[in-house]
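To start, the structure itself, in structure tokens.
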Amino acid sequence: MQSKIDQIISHTSHIILGKEPQIRLALACILARGHLLIEDLPGMGKTTLSYTLAQVLGLQFNRVQFTSDLLPGDILGVSVYDRNEACFKFHPGPVFTNVLLADEVNRATPKTQSALLEVMEEGQVTLEGDTRQLPKPFFVIATQNPGHHIGTFPLPESQLDRFLMCINLGYPDAQAERALLQSNGGRHGIHSPEACIDGTGLLALQQAVGHIHISDALLDYLQALLTYSRHSNHFVAGLSPRAGLALKQCAQAWALMHGRDFAIPEDIQAVLPGVAGHRLQTISGSSIEDAAHHLLNAVAIP
Amino acid sequence: MSRAINPGMADLRWLLLSMCLAMALHIDHFPVWVSALIALFMGWRYLLERNHWAMPKLWILVPITLFGVVGILVTYRSLFGRDASVAMLALMLALKLMESSTRRDYVILGFAGYFMTITAFLFNQSLLVGAYLLLPLAGFTATLVGISYPHGTLSQRLRTRIAGSLLLQSIPIMLILFLLFPRIPGPLWGVPQDAYRSMSGLSDNMEPGNISDLSLSAAIAFRVQFKGEIPAPQQLYWRGPVLWHFDGRGWHMDNNRTRFAAENLLVSGDTVDYTVTLEPHNRQWLLMLDIPQGLPAEAYRSREWQVLTRNPVRTRIRYEGSSHTSYQLALDLDDRARQLALALPASGNPRSRELAQQWHDQLREPQQIVNAALELFRQQPFIYTLAPPRLGRDSIDDFLFNTKRGFCEHYASSFTYLMRAAGVPARVVTGYQGGEVNPVGQYLIVRQSDAHAWAEVWLPKRGWVRVDPTAAVSPSRVETGISTALPDNTLLPLMARPDYPWLRNLYLNWDAVNNGWNQWVLGYNQQRQLELLSRLSGTQVNWQDLVLWLMGSLATFILLLCLFLFRRVRQSLDPVQVIYRRYLRKLARHGIRVMPHEGAQDVQHRASQQFPQHAVAIARITDLYQSLRYGADAEGKTMAELRTSINKLKL
């Protein structure tokens with residue numbers, strides 16, 4: 001199991017150069033059965049990362065480019081009248097897949113956004129009275145440009161909360177950039193990575209995450225973090241119970257990825273910037289990383 | 001954000017509840033408009049919070065405040081004094097509610113609420129009130145506990161638990177302060193004059209009706225603890241004011257206006273020693289058993305052997321006295337005193353005068369005249385009643401020959417009148433007669449309903465002799481007390497009635513508890529404090545010792561409390577944690593300062609960088625610690641191994 005995980009990470013890192021920490025966080029998010037939001041400027045490799053992850057995990061992959069005229073039916077699917085059989089026939093939309101890449105999700109109108117978010121929450125599509133299950137595993141990797149870009153509908157806090165993790169990629173370091181420039185460049189230049197695992201394997205890994213032991217001592221620490229975020233004058237609002245659950249699941253996934261059958265405070269510390277960053281808003285308006293670091297530095301490990 | 005730390009609805013509910021509890025005891029002496037305004041503000045504030053309405057503007061509050069101040073001024077004619085100040089405090093507290101929304105306001109209200117709670121003691125210091133005041137005390141504490149927590153995060157259960165444990169922890173401190181805080185003789189500060197208005201007791205004159213009014217009151221006049229046996233009921237005459245002047249209607253004290261020599265006293269037999277705890281009555285006299293001989297400290301006696309203090313009795317006092325039940329008082333009667341004891345108004349009551357003149361002419365001997373008068377009361381159909389008919393202008397005649405129904409004051413008054421008219425010097429003595437023995441604690445309870453009046457006549461070679469004409473009419477009044485002497489006892493207060501024995505029993509037990517409260521809590525003055533502590537320590541104690549003891553015991557208590565709390569924190573630590581901390585201390589001694597938010601792996605990382613030669617051992621310690629503290633099962637790793645690994649680590 002451990003070797004599979006290492007393999008996934010190394011294969012992905014061959015394609016996304018110099019971004020191993022982000023790849024690990026993204027994988028932890030997927031193992032914790034969450035949806036991932038990647039937020040960064042255009043051209044930072046958001047789409048490449050999601051595409052590569054889907055490939056490496058051996059999953060069926062669909063990509064939707066969100067635009068302001070995209071309608072819910074374009075994602076979920078529509079019923080079309082079939083003249084031969086004289087009835088309406090459902091044509092499933094791109095959402096019927098294992099991995100849905102929702103590219104530039106904040107370019108779509110709120111109506112389309114919320115259709116997607118509903119699917120994310122339920123894992124099923126209900127149209128015209130029929131409920132259709134999505135395949136398992138199913139998760140969404142959404143990318144978005146920073147909110148202040150022109151022509152965007154920023155996701156409200158309540159919808160951001162649906163994403164288990166939100167990560168930034170950031171500029172590559174000099175070495176990685178040189179390697180990138182020396183290669184043929186871009187997604188087209190690279191050969192598709194081979195799959196290390198398939199859907200069943202991923203489901204098994206996801207199940208294993210749930211069995212990672214969480215001790216009382218660790219829950220004390222987790223609760224101390226939550227309580228501090230709620231009572232501190234530093235944040236506009238504290239972390240929700242859902243954020244607490246998310247932290248726990250991601251810490252479990254992180255522990256699994258590091259070959260432990262129990263989680264330790266460092267696991268929580270490692271995933272907290274990804275899990276809590278987009279849920280915390282500082283009074284001073286400082287960056288996501290600052291908020292997470294302030295929280296981590298302020299709370300002692302019991 | 002500042003909105004989030006403001007007190008919430010639960011805090012307001014607690015605050016309002018506590019304020020209601022603290023003010024409830026005052027409701028009977030607040031004017032109705034004050035109570036109504038307070039209720040209005042509380043209700044208004046509650047609605048504001050519930051419906052999220054805006055707080056009232058200053059231009060609304062300022063006129064209301066002015067109205068309140070003027071209202072107090074008009075009602076009480078002052079802003080000072082006990083009643084006015086307390087009403088003012090309550091009203092202003094309620095008004096303060098109308099501008100209170102922040103935590104700071106609530107803190108002010110909470111602490112002012114404690115002060116409001118104490119004011120109940122200015123009116124009543126009984127055990128029940130003391131016990132009741134624990135409720136608002138707990139309420140205000142819970143309010144303050146609640147607002148110390150951010151908005152709405154404290155459950156009701158936790159709130160009451162914290163407040164309760166705070167109060168419990170304060171009990172030892174309270175006891176230490178109560179026992180050891182140096183007492184100052186007399187009250188710490190003067191209570192304003194109007195506090196004494198409602199005290200009841202004997203007055204310095206005797207008008208028809210004022211003793212029978214007292215008789216309806218079950219209030220305690222005083223309690224007596226005897227050193228030896230309690231004397232027989234017939235001897236329990238508690239001497240109060242001696243009345244000389246008759247104005248045709250009532251009797252009055254002489255107040256030292258006539259210069260007659262002090263009466264001398266010859267005593268025989270044993271002395272009766274006792275301790276009296278006298279309820280405040282705002283008069284100067286101390287009640288003592290007839291005839292007082294050993295006087296309490298700081299008391300003096302008048303020429304007619306009445307015992308007085310220099311200042312009115314305004315707090316409950318305790319004094320020791322001794323008396324003789326057999327005595328001879330004033331064997332030689334001073335001429336001026338004789339004149340005083342024979343003086344009568346120039347006219348009025350012709351029939352009584354005629355009867356007395358007749359006795360004077362026929363009988364001659366004063367003793368026989370006394371007997372004749374007592375015989376008159378016995379033979380004629382006189383009735384002892386608390387509700388006598390109203391008397392006409394010649395009150396003595398009317399009573400003796402027409403109505404023949406009266407109370408002790410009627411009998412004492414008419415008897416003394418007859419004696420004076422017959423040429424026998426006589427005077428009226430008021431005081432209390434009898435009392436009730438409380439078998440619980442063996443002491444005597446004397447109530448206002450035991451108030452009594454009797455006569456003293458001066459007989460040659462015997463001096464002033466006590467004659468109780470009421471005993472001639474109703475012997476049981478003197479022998480068994482007022483409750484059996486009255487044919488219809490429904491007029492008497494419930495507790496003085498003879499029926500319902502279980503109720504009486506309960507009451508007597510309760511009175512014994514109250515007596516203890518009075519003696520040991522309210523009566524714990526400087527003298528008692530020094531006595532008690534001297535007895536406990538076996539040495540003479542002065543106030544410097546008290547201060548030292550006070551500091552010492554407070555410091556000891558706080559130290560013990562700290563130790564206890566510290567131990568609890570220690571005990572809540574995981575034993576693995578205790579061992580691990582030793583490792584951290586070891587690292588700290590070698591310059592690796594671990595921040596509280598650093599986990600074991602961060603520590604490992606830094607430690608192995610600084611001590612690469614120990615990297616393996618450090619990794620092992622980290623691994624053991626993590627498995628033991630966070631792992632599901634230890635997989636054979638033990639605390640002993642962790643301990644030895646840490647001990648073996650020599651940096």
Side-chain angles (χ1 to χ4, degrees), chain A residues 208 210-238 241 248 251-252 254-256 258-273 280-285 292-302, chain B residues 1-6 8 102-103 146-155 158 569-581 583-584 593-607 619 621-637 639 642:
Chain A
H211 293 139
I212 297 292
H213 178 72
I214 297 278
S215 65
D216 283 345
L218 191 70
L219 288 181
D220 287 344
Y221 178 54
L222 181 52
Q223 282 192 297
L225 286 169
L226 296 179
T227 311
Y228 179 82
S229 77
R230 290 165 193 174
H231 294 175
S232 157
N233 290 336
H234 198 76
F235 305 112
V236 176
K248 184 192 126 184
Q252 282 175 313
W254 197 260
L256 179 81
H258 290 81
R260 263 182 278 105
D261 59 357
F262 56 87
I264 57 173
E266 283 86 342
D267 296 333
I268 293 183
Q269 292 181 339
V271 298
L272 188 125
L280 282 177
Q281 200 182 332
T282 55
I283 298 265
S284 55
H293 283 127
H294 172 83
L295 180 57
L296 286 179
N297 289 338
V299 180
I301 297 176
Chain B
M1 189 63 208
S2 64
R3 179 89 195 88
I5 57 169
N6 277 350
T102 64
R103 185 190 283 183
I147 57 171
S148 310
Y149 271 67
H151 188 57
T153 54
L154 188 61
S155 70
L158 192 57
V569 172
R570 278 284 293 269
Q571 277 164 0
S572 72
L573 271 186
D574 191 342
V576 180
Q577 192 79 329
V578 176
I579 301 172
Y580 182 68
R581 295 227 165 146
Y583 162 68
L584 292 185
R593 292 232 159 260
V594 175
M595 302 303 285
H597 63 266
E598 280 185 310
Q601 292 191 333
D602 298 327
V603 177
Q604 179 196 359
H605 183 68
R606 281 169 48 192
I621 289 170
T622 307
D623 183 34
L624 282 170
Y625 168 69
Q626 285 183 336
S627 312
L628 289 168
R629 184 148 167 78
Y630 299 108
D633 52 70
E635 294 165 355
K637 295 165 184 162
M639 286 215 287
L642 178 62

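Chain A is the first sequence line, chain B the second, and so forth, proteins listed ahead of strands; every chain is numbered from 1.
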query: For A/His213, what residues pass the ring-ring contact (aromatic ring centres under 6.0 Å, His included) criterion, not counting sequence neighbours?
result: none

- prompt: Less than 4.5 Å apart, any side-chain heavy atom of A/Val299 and any of B/His597?
  reply: no

message: Between B/Gln601 (side chain only) and A/Glu266 (backbone N and O only), is there a donor and an acceptor less than 3.5 Å apart?
response: no

statement: A/Ser215 and B/Arg629 have their tightest heavy-atom pair at OG-O, 3.6 Å

statement: Applying a strict 4.5 Å limit to non-hydrogen atoms, the region of A/Ala263 in contact with chain B is backbone

query: Side chain, backbone, both or neither: which part of A/Ile301 has a non-hydrogen atom closer than 4.5 Å to chain B?
result: both

- request: Could you list the residues that satisfy ring-ring contact (aromatic ring centres under 6.0 Å, His included) with B/Tyr625, not counting sequence neighbours?
  value: B/Tyr580

- line: Between the CE atom in B/Met595 and the CG atom in A/Leu296, the distance rounded to the nearest 0.5 Å is 13.0 Å

- request: Counting only heavy atoms closer than 4.5 Å, note whether B/Gln577 contacts chain A via side chain, backbone, both or neither.
  value: side chain

statement: All heavy atoms of B/Tyr630 vs all of A/Phe262, minimum pair found to be O-CB, 3.4 Å

field: Evaluation steps, side chain to side chain contact (heavy atoms under 4.5 Å, CB included), between B/Asp602 and A/Gln269
entry: CA-CA 11 Å; B/Asp602 298 327; A/Gln269 292 181 339; 3.8 Å; yes

